[in-house]
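Residue numbers count from 1 along this sequence. No hydrogens, no waters, no symmetry mates; every other heavy atom, side chains included, goes into these values.
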Amino acid sequence: MENKAPAASSTKSPVRKWIFRISSVIVLFLAFYIYWMYFNAYSEGSRVGRDLKISTKGNIFKTCEGYLTEGCRDLIGNSSVFTFSVADETVEQKLLDLQLKPKACMELKYREYRRTLPWRGDSKYVIYDAVQLQE
């Protein structure tokens, strides 16, 4: 009779299985957390106003930042400022065109995120469309 070497066991040890399961759960949790906090829009809405200011800021990531004075009527003392970021270059160009029109009333449509990303801008509010309103 031949002596055969014992076959290597194809089953993993219980400790290795538990380490794999725990690390899988941690990776899935971190992936969900990153998606939820940085990429899932918390809310969507729009703001109406005039007196738009836009600038490009940043040391490493150049982002378009701006603010809008809310309200289209000339109410003294009742205007608030809405600060925002712009991630899309076509929307940035629309805003630059609207900025050149004096006293133009505009609507900015935005998405609000829970946290900011360096390449998306400083604000939690990211503009995705801009429309000039008829007066």
Side-chain angles (χ1 to χ4, degrees):
M1 286 197 113
E2 288 180 31
N3 272 343
K4 290 187 177 178
S9 71
S10 62
T11 61
K12 295 181 181 177
S13 71
V15 174
R16 290 182 92 188
K17 285 182 184 180
W18 278 105
I19 290 173
F20 177 75
R21 288 176 184 166
I22 290 171
S23 59
S24 296
V25 167
I26 290 171
V27 167
L28 287 174
F29 176 76
L30 285 175
F32 177 76
Y33 177 80
I34 289 170
Y35 166 75
W36 187 258
M37 296 307 261
Y38 294 97
F39 295 100
N40 182 32
Y42 175 68
S43 70
E44 289 190 26
S46 65
R47 300 284 175 109
V48 176
R50 57 171 61 153
D51 296 332
L52 181 68
K53 179 204 170 248
I54 301 172
S55 62
T56 303
K57 296 180 180 181
N59 293 320
I60 297 173
F61 298 105
K62 300 293 183 188
T63 60
C64 180
E65 307 294 326
Y67 70 82
L68 176 77
T69 305
E70 293 186 85
C72 288
R73 296 189 183 102
D74 292 327
L75 299 174
I76 299 172
N78 276 347
S79 61
S80 61
V81 175
F82 173 64
T83 58
F84 59 86
S85 298
V86 181
D88 189 7
E89 290 181 9
T90 57
V91 176
E92 181 180 357
Q93 189 58 45
K94 275 186 183 181
L95 290 173
L96 290 172
D97 293 341
L98 286 172
Q99 187 179 19
L100 295 175
K101 298 179 181 180
K103 299 294 182 185
C105 188
M106 62 198 78
E107 177 183 18
L108 302 181
K109 296 180 182 179
Y110 67 87
R111 289 186 181 101
E112 180 183 4
Y113 295 93
R114 290 171 183 83
R115 301 277 191 270
T116 62
L117 290 169
W119 56 86
R120 196 166 56 197
D122 291 339
S123 177
K124 294 179 183 180
Y125 299 99
V126 179
I127 303 298
Y128 67 90
D129 194 15
V131 179
Q132 181 177 1
L133 298 177
Q134 300 294 328
E135 289 197 41

Any chance you could measure [X], atom [atom1], to [Y], atom [atom2], to the nearest 0.5 Å?
X: K62; Y: T56; atom1: NZ; atom2: OG1; value: 8.5 Å
X: L52; Y: F82; atom1: CG; atom2: CZ; value: 11.0 Å
X: D129; Y: Y110; atom1: CG; atom2: OH; value: 14.0 Å
X: Y67; Y: D51; atom1: OH; atom2: CG; value: 8.0 Å
X: C64; Y: F84; atom1: SG; atom2: CZ; value: 7.0 Å
X: I19; Y: S24; atom1: CD1; atom2: OG; value: 11.5 Å

Indicate if [X] and [Y] have the same hydrophobic cluster label, given that clusters are the connected sets of ILVMFWY residues with side-chain heavy-atom separations under 4.5 angstrom.
X: I60; Y: Y38; value: yes
X: Y42; Y: I34; value: no
X: V27; Y: L30; value: no

Whether Y35 and F32 hold their rings parallel, tilted or perpendicular, with breakpoints at 30° and 60°: tilted

Residue that, paired with M106, satisfies side chain to side chain contact (heavy atoms under 4.5 Å, CB included) out of L133, V48, L68: L68

Could you check whether atom [atom1] of [X] has more than 12 heavy atoms from other residues, nucleotides or ligands sitting under 6.0 Å from it?
X: F61; atom1: CZ; value: yes
X: K57; atom1: NZ; value: no
X: Y128; atom1: OH; value: yes
X: R16; atom1: CZ; value: no

Stepwise side chain to side chain contact (heavy atoms under 4.5 Å, CB included) test for R120 and Y113: CA-CA 10 Å; R120 196 166 56 197; Y113 295 93; 3.6 Å; yes

Within-4.5 Å side-chain heavy-atom neighbours: E92 and I127: no

Residue pair T83 / D122, side-chain heavy-atom distance below 4.5 Å: no

Reference residue D97; test side-chain hydrogen bond (donor to acceptor under 3.5 Å, both in side chains); the match among K94, Q99, Q93: Q93

Minimum heavy-atom distance between S123 and E65, given as atom pair plus value: N-OE1, 4.0 Å

Minimum heavy-atom distance G121-T116, with the two atoms named: O-CB, 3.6 Å

Pi-cation contact, Y125 with R47 (under 6.0 Å, within 45°): yes

Which residues share a salt bridge (charged side-chain N to carboxylate O under 4.0 Å, His left out) with E44, sequence neighbours left out: R111

Stepwise side chain to side chain contact (heavy atoms under 4.5 Å, CB included) check, F39 with L117: CA-CA 9 Å; F39 295 100; L117 290 169; 3.8 Å; yes

